[in-house]
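As the structure is a prediction and not an experimental result, all values here were calculated from the model.
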Amino acid sequence: MHRDRNWIKMLHNGLCKWISECTGKQPLFSFGVISDVQYADIPNGQSFMGVPRYYRHSIHVLQRAVQKWNNLQKLKFVVNFGDIVDGFCPKDQSLNAVQKIVDEFKNFDGPSYHMIGNHCLYNLPRNMLLPLLNIPSFEDLLDGYDISAIGWPSDHPKTLEALKFLQEKNPNLDKNSPVGLVGLERRFLMFNGAVGKEQMEWLDCVLQDATKLKQKVVVCCHLPLDPGTLSPEALLWNYDEVMDVIHKYNCVKVCLSGHDHKGGHSIDSHGIHHRVLEAALECPPGSDAFGYIDVYDDRLTLSGTDRMESTDMIFSP
């Protein structure tokens, strides 16, 4: 099965190269992608669903990614889609673990941009995390944990809002349990979060400006925004409200995210591609999950390595 997947990937990458050469088109620019490294200096473990997790190996996946990205000599930047370290990382090691992974990203010959994930917030509070990830303010990224029960001080209004929301939506004592929740209700879990009012207004202004300037937009967020890509347990709480804002405009062509480790791809009712990236954490030794995206006027082409599936995301110019 693994060999068959590699053959399919080789054929796909060869076809993409052939199409580009035949049309004479070069990408407008390219950038690297990786998600859910979730490094920790602890023995291997598994998810709540029993999926193996390779905590120490994930840093090697990142190192090979950086080497590949640098060897390409064409990437303008790289994007890390969140969860830089794992929640099981011993808390007295959290700061050093985050710094260790950040230093690996610094080996890339260009800027790296980071999303905030739930595992990041299990390890460090926002006031420590954001400077380490070089995120200057909450308004500079679409923060899926803007309204969240993790990361903010326990008495913060956003924490209290999130806890009240969970109390209303999830009757379980363990708010990370979806037991009894049906369909899309299963997203109302503590390890997810929501985009707040101020961020929603910011997003609307950004998309309004992009529309006026006739720009195309790729939306990036740790939490997925479309139920067609994945398990409902991984969705942003208010994905529907965020997508209502996005669907007001025609400028957004692709939404990229992480969080749901198995990955996925869907196209919503407005023709927007939603690509959830496969996790570096779940790569057994000797395997990888990272890639790079070539940006064209009418498509994004994700060239994945090993467990990250290559994907053509074609849209109307």
Side-chain angles (χ1 to χ4, degrees), residues 9 12-13 16-17 19-21 23-37 61-84 101-117 130-137 139-143 202-203 206-207 209-211 213-222 251-258 263 265 272-278 280 288-306 308-315 317:
K9 192 177 298 296
H12 175 274
N13 291 342
C16 291
K17 182 180 179 183
I19 290 171
S20 295
E21 289 175 350
T23 58
K25 284 187 176 180
Q26 293 297 315
L28 301 172
F29 64 93
S30 305
F31 63 96
V33 292
I34 195 168
S35 189
D36 297 271
V37 174
V61 177
L62 174 59
Q63 288 167 346
R64 290 191 289 268
V66 171
Q67 183 178 31
K68 173 69 176 289
W69 295 332
N70 284 337
N71 288 343
L72 288 168
Q73 296 185 336
K74 69 172 187 176
L75 304 187
K76 296 296 185 183
F77 56 88
V78 300
V79 181
N80 162 40
F81 283 82
D83 284 354
I84 197 166
I101 299 299
V102 168
D103 288 344
E104 293 294 340
F105 276 100
K106 288 180 179 178
N107 289 326
F108 171 65
D109 298 331
S112 300
Y113 301 105
H114 299 275
M115 306 286 106
I116 296 173
L130 267 66
L132 283 171
L133 299 182
N134 197 30
I135 299 173
S137 73
E139 289 77 27
D140 290 322
L141 79 163
L142 189 61
D143 182 2
W202 166 80
L203 176 63
V206 169
L207 300 184
D209 290 344
T211 299
L213 296 170
K214 298 183 179 179
Q215 296 173 335
K216 297 181 181 70
V217 176
V218 176
V219 172
C220 299
C221 182
H222 178 67
C251 57
V252 176
K253 303 302 180 183
V254 175
C255 295
L256 301 174
S257 60
H265 176 227
I272 297 173
H273 290 263
H274 295 260
R275 182 66 170 89
V276 181
L277 302 174
E278 292 81 358
D288 290 310
F290 59 83
Y292 66 93
I293 292 178
D294 289 323
V295 179
Y296 298 88
D297 190 53
D298 61 349
R299 71 189 188 277
L300 266 61
T301 298
L302 166 60
S303 296
T305 298
D306 200 2
M308 183 171 287
E309 294 292 333
S310 296
T311 312
D312 272 326
M313 293 166 274
I314 300 170
F315 45 80

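- Under the ring pair (Phe, Tyr, Trp, His ring centres under 6.0 Å) criterion, Phe315 pairs with no residue, sequence neighbours left out.
- Once rounded to the nearest 0.5 Å, the distance linking CG of Leu62 with CG of Asn80 reads 8.0 Å.
- Listed by chain and number, the residues in a side chain to side chain donor-acceptor pair (under 3.5 Å) with Asp294 are Ser30, Lys74 (sequence neighbours excluded).
- By the side chain to side chain donor-acceptor pair (under 3.5 Å) test, Gln63 is found to be paired with His60, Glu104, residues two or more places apart in sequence or in another chain being considered.
- Listed by chain and number, the residues in a salt bridge (charged side-chain N to carboxylate O under 4.0 Å, His left out) with Lys68 amount to none (sequence neighbours excluded).
- Put simply, the side chain of His222 never gets that close to the backbone of Asp143: no donor and acceptor are under 3.5 Å apart.
- Contact record, Ala289 with Ile34: O-CG1, 3.7 Å, taken as the closest heavy-atom pair.
- Between Arg275 and Ile293 the shortest side-chain heavy-atom distance does not fall below 4.5 Å.
- To the nearest 0.5 Å, atoms CD1 (Ile116) and CD1 (Ile135) are separated by 4.5 Å.
- In this structure, Gly258 and Val276 approach most closely via the heavy-atom pair O-CG1, 3.3 Å.
- In this structure, the side chain to side chain donor-acceptor pair (under 3.5 Å) partners of Asp297, at least two apart in sequence or on a different chain, are Lys216.
- Considering only residues two or more places apart in sequence or on other chains, Phe31 meets the ring pair (Phe, Tyr, Trp, His ring centres under 6.0 Å) condition with Phe77.
- Applying the side-chain contact (heavy atoms from CB on, under 4.5 Å) rule to Lys76 yields the partners Phe29; only residues at least two apart in sequence or on another chain are considered.
- Nearest heavy atom pair, residue Phe81 against residue Val33, reads CE1-CG1, 3.8 Å.
- Taking the side chain as every heavy atom from C-beta outward, Lys253 and Met313 never approach each other to under 4.5 Å.
- With contacts defined as side-chain heavy-atom distances shorter than 4.5 Å, the pair Val66/Phe290 does not qualify.
- A distance of 7.0 Å separates OG1 in Thr311 from CD in Glu309, rounded to the nearest 0.5 Å.
- Side-chain contact between Val79 and Leu256 is absent, with no heavy atoms from C-beta onward closer than 4.5 Å.
- Residues passing the side-chain contact (heavy atoms from CB on, under 4.5 Å) test with Cys255 are Val219, Leu225, Ile246, Val252, Ile272, His274, sequence neighbours excluded.
- With values rounded to the nearest 0.5 angstrom, Asp312 atom CG is found 9.0 Å from His265 atom NE2.
- Here the side chains of Leu302 and Leu277 are in contact, with some heavy-atom distance below 4.5 Å.
- Contact check for Val37 versus Ile84: no side-chain heavy atoms found under the 4.5 Å cut-off.
- In this structure, Leu75 and Phe108 have side chains that are in contact, with non-hydrogen atoms separated by less than 4.5 Å.
- Considering CG of Asp36 and CD of Glu278, their distance stands at 10.5 Å, rounded to 0.5 Å.
- For Gln215, the side-chain contact (heavy atoms from CB on, under 4.5 Å) criterion is met by Ala210, Leu213, not counting sequence neighbours.
- Side-chain contact check for Phe105 versus Asn134: every heavy-atom pair is 4.5 Å or farther apart.
- Taking the salt bridge (charged side-chain N to carboxylate O under 4.0 Å, His left out) definition, one finds that Asp209 meets it with nothing, sequence neighbours left out.
- Applying the side chain to side chain donor-acceptor pair (under 3.5 Å) rule to Ser112 yields no partners; only residues at least two apart in sequence or on another chain are considered.
- The minimum heavy-atom distance linking Val78 with Trp69 is given by the pair CG1-CE3, 3.4 Å.
- Residues passing the side-chain contact (heavy atoms from CB on, under 4.5 Å) test with Asp109 are Asn70, sequence neighbours excluded.
- Atoms OG and CE, from Ser35 and Met115 in turn, are 10.0 Å apart once rounded to the nearest 0.5 Å.
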